[in-house]
Enquirer: 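Take a look at the following structure, please.
In what follows, chains carry the letters A, B, and so on, assigned in the order in which the sequence lines appear, proteins first and then strands, with residues in each chain numbered from 1. Everything numeric in this text was worked out from a predicted model, so none of it was measured.
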Protein chains: 2
Amino acid sequence: MDERARHLLKSLIEQHIANGVPVGSRQLARDAGLNISPATVRNVMADLEDEGYLISPHTSAGRIPTHVGYRFFVDALLRVVPLSAESNRLLVHRIGFRAPDTEQVLHAATGILSELTHMAGFVRVPRRATRILRHVDFIALHEREVLAIFVTDKGDVENRLIRTEHPFGTAELAQAANFFNATYGGRPLQDVIHNLQRDLQQSRHEMDRILRSAMELGEEMLEEDQQRMLIEGEFQWLDLPELAGSERLRELLAAVRQKRDLVHLLDESMRGSEVRLFIGEESGYAPLSDCSVVSAPYSVDGEVVGVLGVIGPMRMPYQQIIPLVDGTAQLLGRALSQS
Amino acid sequence: MDERARHLLKSLIEQHIANGVPVGSRQLARDAGLNISPATVRNVMADLEDEGYLISPHTSAGRIPTHVGYRFFVDALLRVVPLSAESNRLLVHRIGFRAPDTEQVLHAATGILSELTHMAGFVRVPRRATRILRHVDFIALHEREVLAIFVTDKGDVENRLIRTEHPFGTAELAQAANFFNATYGGRPLQDVIHNLQRDLQQSRHEMDRILRSAMELGEEMLEEDQQRMLIEGEFQWLDLPELAGSERLRELLAAVRQKRDLVHLLDESMRGSEVRLFIGEESGYAPLSDCSVVSAPYSVDGEVVGVLGVIGPMRMPYQQIIPLVDGTAQLLGRALSQS
DNA sequence: TACTAGCACTCATGATGGTTGAGTGCCAAG
DNA sequence: CTTGGCACTCAACCATCATGAGTGCTAGTA
């Protein structure tokens with residue numbers, strides 16, 4: 001592909017992103033800034049179509065980029081623009097400092113992504129596998145109900161109601177908690193569960209039921225975030241002419257609710273440390289075949305623990321979306337790290 | 001309105017609920033089971049229209065009920081059917097027993113409401129104003145970060161990160177927590193905050209900052225649920241021909257996200273203890289003017305603490321929705337009460 | 001008096017067909 | 001290699017028309 005073809009492709013995709021309609025040879029010839037006739041442009045376009053970068057919806061429409069075209073565009077032609085001062089200010093304002101509650105920051109990040117991009121924003125909740133158990137509490141709620149509370153070093157708090165066969169006194173529970181804290185406190189959650197599992201094999205104490213339940217709580221904390229993911233702004237898809245009205249939208253919404261495959265896809269993209277794009281069919285996930293996903297992993301205290309990003313139509317202003325997602329990931333990571 | 005008119009109105013509304021299209025005189029004359037001609041039916045329909053129960057979208061269409069018509073229908077003509085065994089089984093299975101986590105039960109209830117009705121289901125989170133403070137913990141996360149944890153008698157757990165000027169040791173924090181528990185434990189959250197506010201006026205201790213933050217956490221617990229409400233299944237509205245495509249849907253979605261006015265409306269409906277219906281404009285809330293809300297308050301340990309229900313088109317099968325919402329409220333209340 | 005049949009009228013819906021204009025592919029000349 | 005020209009395609013738009021469901025009104029009937 002020669003320089004001129006690249007220039008035309010770039011111009012065509014930019015125009016299509018801006019207007020959403022197929023781009024014809026005349027308009028492209030005019031706006032590309034090269035002094036060539038529409039006929040010449042048509043020849044180039046025909047070549048680009050042969051090579052799979054473009055496609056025309058029907059004979060007498062202009063052409064639109066394929067996912068291959070978009071891929072070439074973002075890899076070779078795109079120049080990202082720095083985050084606008086306005087957006088940056090907003091980002092910092094909303095997630096720029098450590099909040100009193102993790103959940104709140106995650107929500108804020110999801111919301112701001114969706115707002116600034118006018119697409120659906122998502123945040124994968126931080127992995128807790130490497131979290132350290134800071135504190136455990138067992139609290140008697142009623143006769144035979146004990147509330148177990150786990151606290152990690154990052155300030156995550158999870159709790160669970162445990163029903164017991166026999167009533168436990170406050171002192172008894174405090175003792176159990178003390179034992180638990182002394183034995184397992186300050187160790188990674190994974191280790192705690194592992195050791196607990198082993199230790200419980202041996203003894204067969206009355207208190208075991210509580211400890212066993214506590215272990216299950218710990219397991220749930222690790223398992224839960226296998227699935228959890230915040231997503232917001234799906235309704236913005238209603239505005240998109242390329243999605244709205246069709247059955248595709250329904251599928252997409254259902255798929256997003258289902259989450260399972262989506263989470264899978266995102267976990268893949270947690271491997272690197274850079275912004276990653278899945279354009280159209282690249283995701284290998286049918287409901288997303290008309291969409292692009294822009295994602296970026298975020299790190300807490302130097303370790304990648306999650307991923308966030310946006311889901312929108314293939315036709316999105318990548319040069320702005322990419323730095324935005326990137327910036328959000330940075331800020332979220334910082335907000336969740338200890339100051 | 002005589003008996004025949006009532007019968008025709010009932011029949012018309014039932015047909016319209018079933019098919020969603022305006023009902024004409026011929027079809028109504030046939031299906032109503034009375035041996036009268038379409039012409040007679042037309043006369044009756046004209047009367048009903050004059051009285052405001054019906055309206056015709058245009059001259060040569062049939063007629064559809066107005067919100068006044070629906071109101072009369074549900075008040076005077078409707079006979080609710082008992083919950084189907086199938087639905088009941090599902091309900092009990094999903095929310096029929098006390099779950100280890102309040103949040104989970106609330107989510108389950110929202111989800112099942114949406115699934116069974118094919119409309120949007122909502123659950124207002126339980127009020128905590130009358131909750132009793134069971135336990136408080138202050139945990140040192142890092143040098144100058146303390147995590148405060150509140151536990152109520154219903155097993156609600158809330159936490160908050162507090163940044164302090166000076167580092168606190170574990171012992172010091174334990175002492176503060178002990179003091180806190182001894183002084184305020186076992187008292188209603190409202191009292192705790194009130195007293196704390198007073199007590200803090202006097203002393204000016206180093207530890208105050210933590211106590212003050214703890215108080216703020218308590219206040220947040222009370223305030224937070226002023227706003228919180230779970231809602232699920234809005235996307236089901238996309239299937240409804242009467243809503244889909246129009247600008248109304250967008251407004252509705254935006255309004256539901258906004259929540260504020262909605263929450264207001266629902267808090268109204270918490271006064272009674274019965275299922276309540278807001279049909280069309282009755283809600284006095286413009287975005288809902290094409291919708292009906294069926295709500296029922298739910299009680300924990302004999303006290304009304306929240307409300308749940310569904311939001312859908314005016315054209316909904318009330319005779320099934322009402323018992324379903326009612327049943328869900330009962331079950332949720334029981335699931336959240338102590339066994 | 002209450003019901004019904006008949007009739008003229010309305011109006012959304014859907015099919016038909018013609019026009020327009022944007023856009024293409026191809027070819028031959030520069 | 002580029003360009004102007006030309007025939008061709010096709011979605012989109014618009015006007016027209018037929019259809020049929022449904023209405024209101026009136027006059028006749030039980």
Side-chain angles (χ1 to χ4, degrees), chain A residues 1-9 11-16 18-66 69 241-242 244-246, chain B residues 1-9 11-16 18-66 69 241-242 244-246:
Chain A
M1 196 189 311
D2 65 355
E3 185 52 41
R4 193 178 60 180
R6 293 159 63 103
H7 182 88
L8 284 175
L9 179 59
S11 191
L12 185 148
I13 295 184
E14 281 169 353
Q15 279 184 49
H16 182 252
N19 310 322
V21 292
V23 182
S25 55
R26 179 175 6 205
Q27 197 195 354
L28 187 56
R30 185 160 35 77
D31 293 4
L34 312 170
N35 254 342
I36 50 179
S37 76
T40 312
V41 171
R42 279 204 288 280
N43 289 331
V44 178
M45 284 166 98
D47 291 346
L48 288 171
E49 181 160 6
D50 287 344
E51 292 162 53
Y53 295 111
L54 300 178
I55 196 170
S56 55
H58 58 85
T59 8
S60 76
R63 286 180 171 89
I64 59 176
T66 63
E242 50 256 77
S246 74
Chain B
M1 194 188 313
D2 65 356
E3 186 53 41
R4 193 178 60 178
R6 292 159 63 102
H7 182 88
L8 284 175
L9 179 59
S11 190
L12 185 148
I13 295 185
E14 281 168 354
Q15 279 185 49
H16 181 252
N19 310 322
V21 292
V23 183
S25 55
R26 178 170 13 199
Q27 197 195 354
L28 188 54
R30 183 159 37 76
D31 293 4
L34 312 171
N35 255 341
I36 51 179
S37 76
T40 312
V41 172
R42 279 204 286 281
N43 289 331
V44 179
M45 284 166 100
D47 292 346
L48 288 171
E49 181 161 6
D50 286 345
E51 293 164 53
Y53 296 110
L54 300 179
I55 195 171
S56 55
H58 57 86
T59 5
S60 76
R63 286 179 171 90
I64 57 176
T66 62
E242 50 256 76
S246 73

Enquirer: Could you tell me the separation between the CD atom of A:Glu49 and the C1' atom of C:dT24, rounded to a whole number of Å?
Expert: 10 Å
Enquirer: Using a 4.0 Å heavy-atom cut-off across all strands, classify A:Asn35 as base, sugar-phosphate, or nothing.
Expert: sugar-phosphate
Enquirer: Would you call B:Val23 and B:Ile13 a side-chain contact if the rule is heavy atoms closer than 4.5 Å?
Expert: no
Enquirer: Please determine, for the side chain of B:His58, which listed nucleotide (C:dG25, C:dA12, D:dG24) has the closest atom?
Expert: C:dA12
Enquirer: Do the side chains of A:Gln15 and A:Leu28 get nearer than 4.5 Å, heavy atoms only?
Expert: yes
Enquirer: For residues B:Leu48 and B:Arg63, determine if any side-chain heavy atom of one lies less than 4.5 Å from a side-chain heavy atom of the other.
Expert: no
Enquirer: Can you tell me which nucleotide in D:dT23, C:dC26, C:dA5 comes closest to the side chain of B:Ala39?
Expert: C:dA5
Enquirer: Whole angstrom is fine here: how far is it from CE in A:Met45 over to P in C:dA22?
Expert: 15 Å
Enquirer: Counting side-chain heavy atoms from CB outward, which of C:dC7, C:dC26, D:dA21 is closest to B:Arg42?
Expert: C:dC7
Enquirer: Specify the separation, in whole Å, of atom CG of A:Leu34 and atom P of D:dC1.
Expert: 17 Å
Enquirer: Please give, in whole Å, the distance from C:dG21 P to A:Gln27 CD?
Expert: 17 Å
Enquirer: What is the distance, to the nearest angstrom, from the CZ atom on B:Arg30 to the P atom on C:dT4?
Expert: 16 Å
Enquirer: Between B:Thr40 and B:Pro57, which is nearer to the 5' end of DNA chain C once each is assigned its nearest nucleotide?
Expert: B:Thr40
Enquirer: Rounding to a whole Å, what distance do you find between A:Asp50:CG and C:dG25:C1'?
Expert: 12 Å
Enquirer: Counting heavy atoms from C-beta on, name the nucleotide in D:dG24, D:dT3, C:dC3 closest to the side chain of A:Ile36.
Expert: D:dT3
Enquirer: Taking atom CG of A:Asp50 as the centre, does the number of heavy atoms from other residues, nucleotides or ligands within less than 6.0 Å exceed 12?
Expert: yes
Enquirer: Take the protein atom CG of A:Leu28 and the nucleotide atom P of C:dG23, then report the distance between them rounded to whole Å.
Expert: 11 Å
Enquirer: Just compare C:dT24, D:dA21, C:dC3 and give me whichever is closest to any side-chain atom of B:Arg26.
Expert: D:dA21
Enquirer: With side chains defined as the heavy atoms from C-beta onward, is the minimum distance between A:Leu9 and A:Leu54 less than 4.5 Å?
Expert: yes
Enquirer: For a quick test of reading the model: is some side-chain N or O of A:Arg63 closer than 4.0 Å to OP1 or OP2 of C:dG25?
Expert: yes
Enquirer: Please compare B:Ser60 and B:Asn43 by the position of their nearest nucleotide in DNA chain D and report the one closer to 5'.
Expert: B:Ser60
Enquirer: DNA chain C: A:Ala61 or B:Ser37, which has the more 5' nearest nucleotide?
Expert: B:Ser37
Enquirer: Side-chain N or O of A:Thr59 versus OP1/OP2 of D:dC10: is the shortest distance under 4.0 Å?
Expert: yes
Enquirer: Can you check the A:Asn19 CG to C:dA22 C1' distance for me, whole Å?
Expert: 15 Å
